[in-house]
Number of protein chains: 2
Amino acid sequence: MKSKKRTTIYDIAEKLNIAPSSVSRALNNSSYVKESTKKLILQTAEELNYKMNSLASNLRKGQSKTIGVIVPRINQNFFSNVIAGIEDASYKQGYNLIICQSNESYEKEVQCVNTLINQHVDCIVISISVETINYQHLKNILDHHIELIQFDRVADELETLKVINDTLQASYEAVNHLITQGYKRIALLEGPQSLNIFRQRKEGYLQALKKHNMPVLNELMLENAWTKDLGAQATRKLLSLPNPPDAIFASTSDFSALGVLEVATAMNIKVPAQLGICGYSNEDFTEITSPSITTIDQFSVDMGKTIANLYFEEMKNTDVSATPKTISIKPKLITRSSTQRLTE
Amino acid sequence: MKSKKRTTIYDIAEKLNIAPSSVSRALNNSSYVKESTKKLILQTAEELNYKMNSLASNLRKGQSKTIGVIVPRINQNFFSNVIAGIEDASYKQGYNLIICQSNESYEKEVQCVNTLINQHVDCIVISISVETINYQHLKNILDHHIELIQFDRVADELETLKVINDTLQASYEAVNHLITQGYKRIALLEGPQSLNIFRQRKEGYLQALKKHNMPVLNELMLENAWTKDLGAQATRKLLSLPNPPDAIFASTSDFSALGVLEVATAMNIKVPAQLGICGYSNEDFTEITSPSITTIDQFSVDMGKTIANLYFEEMKNTDVSATPKTISIKPKLITRSSTQRLTE
DNA sequence: TTAAAAAATGCAATCGATTGCCGAAATTTA
DNA sequence: TAAATTTCGGCAATCGATTGCATTTTTTAA
């Protein structure tokens with residue numbers, strides 16, 4: 001292989017003195033090529049170290065066997081797990097993954113979408129950025145006849161395939177669990193309400209309170225506490241209230257919950273005795289803090305597999321009229337020491 | 001956009017009654033198109049919601065502006081951080097990323113390489129699987145005139161661009177630190193010796209012992225303890241020795257170190273007083289265990305950026321004869337409570 | 001042995017963008 | 001006003017694989 005150019009089917013054809021079309025057919029193991037010539041072609045391809053040019057093939061076939069994925073951050077546990085799941089399932093079907101991260105920026109998200117459209121991907125999988133409130137770019141995907149699957153953070157009003165967690169339910173169960181454990185004043189750390197998942201987590205909280213006839217106290221609901229530092233900051237504020245909460249549901253993330261725990265520990269407040277803490281996402285570390293943190297598992301790798309398989313299912317389905325499917329995965333409340341006040 | 005087909009430069013050309021070549025030139029903002037017509041073309045492209053077909057463009061230009069990345073697992077902190085770094089730097093240069101995971105399987109790694117060659121990527125970035133001991137597939141990448149960058153887990157004997165950590169040095173420093181803290185019998189949890197990084201970590205351990213004239217005890221070196229469970233298992237074995245170690249360097253990973261810590265805690269052995277523990281990788285959780293775990297930071301996101309930028313640098317460099325560069329990033333020892341026996 | 005059917009292969013257009021080359025138009029210079 | 005430049009824009013080939021249709025070869029049936 002010292003030549004400057006790659007081997008093409010023309011090289012193989014020339015060497016064997018046959019037509020390129022036959023080479024193509026043989027390589028695709030298709031109909032109507034004599035066994036003997038097929039074997040000869042395959043052998044020659046091997047010899048010449050032939051690798052097909054997917055660009056040419058895809059151009060001609062009008063499909064790329066590629067799935068584009070856009071997430072806010074690749075290196076965030078939940079997302080990297082989802083991606084791993086998508087990769088696993090896609091690979092088995094011979095599909096490749098092009099990955100982009102929006103960095104939580106609307107502008108970059110739009111650019112990512114455009115790149116993926118250019119790349120002629122067959123499907124785009126997206127979890128929108130916190131800034132995204134306009135969905136023109138997503139509609140544009142559909143206009144270009146590219147399958148669109150939203151997951152986790154989805155734009156409800158857009159009719160597309162969706163794979164989500166039953167966030168409301170999970171949130172409801174978490175708060176319900178806190179109430180069952182005897183906590184009376186439960187605070188909520190909210191995420192940006194522009195994202196539906198955070199709205200749902202709040203709604204679950206509200207529903208649980210209502211169910212138990214507990215008052216909704218505005219002073220106990222703090223927005224935008226979705227990092228460890230912001231969680232810590234919010235906690236300081238909450239705990240210095242004249243009538244502080246006896247439990248905090250960090251609905252935004254486990255990192256936020258970690259911030260809560262650190263502040264509580266620093267203030268010498270006993271968890272779970274004096275303060276209950278519940279996070280969200282089941283990050284690895286929640287198991288090993290002391291006390292370990294109650295949280296919610298989202299089955300992220302499975303979610304990824306579900307997403308990919310949803311696409312492959314949908315592919316077969318030529319029925320265009322069908323309403324876009326939404327798959328909801330039930331997350332699981334993992335109760336740990338940080339909320340275990342009763343010993344039953 | 002209800003038409004079945006995407007807008008092409010031919011559609012634009014036809015609508016404006018000019019040649020496709022002019023459209024192409026205008027779109028590429030290239031030479032020799034009158035300002036007025038250029039503006040007209042751009043405007044029409046916008047109107048028709050034109051998105052260029054990168055497949056066609058790349059085919060013609062013989063390059064894809066795409067970088068392929070192969071890692072053992074996408075959802076492993078170190079790798080997802082590196083990927084995030086690569087994405088960040090690549091995006092700025094207008095490059096896309098195709099991601100594959102080898103799942104630590106040699107066979108899948110080979111398949112990934114082949115796919116990426118097919119995809120005509122301009123560069124392949126790889127951290128080899130634990131099974132990989134044959135490098136024919138990597139040579140094949142070079143044969144196809146694709147730039148190859150190895151990182152972290154590299155095949156030393158293959159002359160390619162490399163981005164690595166100075167693992168030996170880091171390991172040496174870690175053990176040195178343990179010795180300075182007064183630990184006398186330091187055990188080593190080794191990773192698979194087929195991977196050079198694990199050989200180097202062991203070598204650093206050995207060199208540090210030698211430097212301080214400490215004996216090398218085979219009973220204190222256990223191979224294959226690179227998960228939490230295996231780390232725990234190894235620890236149980238070590239601590240039940242007639243003459244157990246007073247420190248354990250889990251050179252494989254922080255997860256392994258976590259296993260060590262859990263066993264020690266369960267056995268009521270005081271860390272760091274009775275047992276020192278040092279991990280590797282600076283996973284998030286090492287900061288929040290009690291006690292927090294001493295470990296080594298690899299600057300993974302930066303590593304990713306370095307990788308991408310190395311490629312872009314190399315691109316400019318038309319000098320083919322130059323020896324492949326190796327960039328070594330110095331990791332940093334993060335000393336925490338788990339080894340802090342002295343209070344100086 | 002010959003006609004009909006089936007199997008194998010070849011021809012040439014196609015996918016969409018790019019680009020070298022050439023000619024046309026516009027501009028400058030003499 | 002004519003000639004020489006310079007600027008624009010078009011033609012057509014090209015990248016490599018695929019595929020509908022035509023043609024040739026082989027096989028089967030009559």
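Each chain gets a letter, A, B and so on, in the order its sequence line appears, and its residues count up from 1.
To the nearest angstrom, P of C:dA17 lies 13 Å from NZ of B:K51. Per the geometry, NZ belonging to A:K34 stands 14 Å off P belonging to C:dA7, to the nearest Å. Regarding B:N28, its CG atom lies at a distance of 13 Å from the P atom of C:dG20, rounded to whole Å. For B:I18 and C:dT18, the CD1 to P distance is 14 Å, given to the nearest whole Å. In this structure, the CD atom of A:E35 is 17 Å from the C1' atom of D:dT27, given to the nearest Å. Rounded to an integer number of Å, the gap from A:L59 CG to D:dT18 P is 11 Å. If you take CG of B:D11 and C1' of C:dA17, they are 13 Å apart, rounded to a whole angstrom. Computed from coordinates, the B:I117 CD1 to D:dG16 P distance equals 16 Å when rounded to whole Å.
Distance from the side chain of B:R60 is smallest for C:dA17 among the nucleotides C:dA17, D:dG9, D:dT19. The side chain of A:I9 lies closest to D:dA17 when the candidates are D:dG10, C:dT9, D:dA17. If you check D:dC11, D:dA17, C:dT9 against the side chain of A:S22, the one that comes closest is C:dT9. For A:K61, taking side-chain heavy atoms from C-beta onward, the closest of the listed nucleotides D:dA17, C:dA17, D:dT19 is D:dT19. Among C:dG10, C:dG20, C:dG16, the nucleotide with an atom closest to any side-chain atom of B:R25 is C:dG20. Of the candidates C:dT18, C:dC11, C:dT9, C:dT9 carries the atom nearest the A:V33 side chain, counting heavy atoms from C-beta on.
Residue-level contact check: A:S54 touches neither bases nor backbone, having no heavy atom under 4.0 Å from any strand.
For A:Y10 and A:N17, each mapped to the nucleotide of DNA chain C holding its nearest heavy atom, the one lying further toward the 5' end belongs to A:N17.
Taking the centre and axis of the six-membered ring of B:F151, the NZ or CZ atom of B:K162 falls outside the cone set by 45° and 6.0 Å.
Counting all heavy atoms, side chain and backbone alike, A:L138 lies closest to A:Q150 at CD1-OE1, 4.2 Å.
For the pair B:N28 (side chain) and B:S24 (backbone), a donor-acceptor distance under 3.5 Å is present. At least one donor-acceptor pair under 3.5 Å links the side chain of B:N81 to the backbone N or O of B:N77.
Taking only side-chain nitrogens and oxygens, B:S21 never comes nearer than 4.0 Å to OP1 or OP2 of C:dT19. In this structure, A:S57 does not reach the D:dG16 phosphate: none of its side-chain N or O atoms is under 4.0 Å from OP1 or OP2.
For the side-chain contact (heavy atoms from CB on, under 4.5 Å) test with B:V125, the passing option among B:I307, B:L161, B:I70 is B:I307; the others fail.
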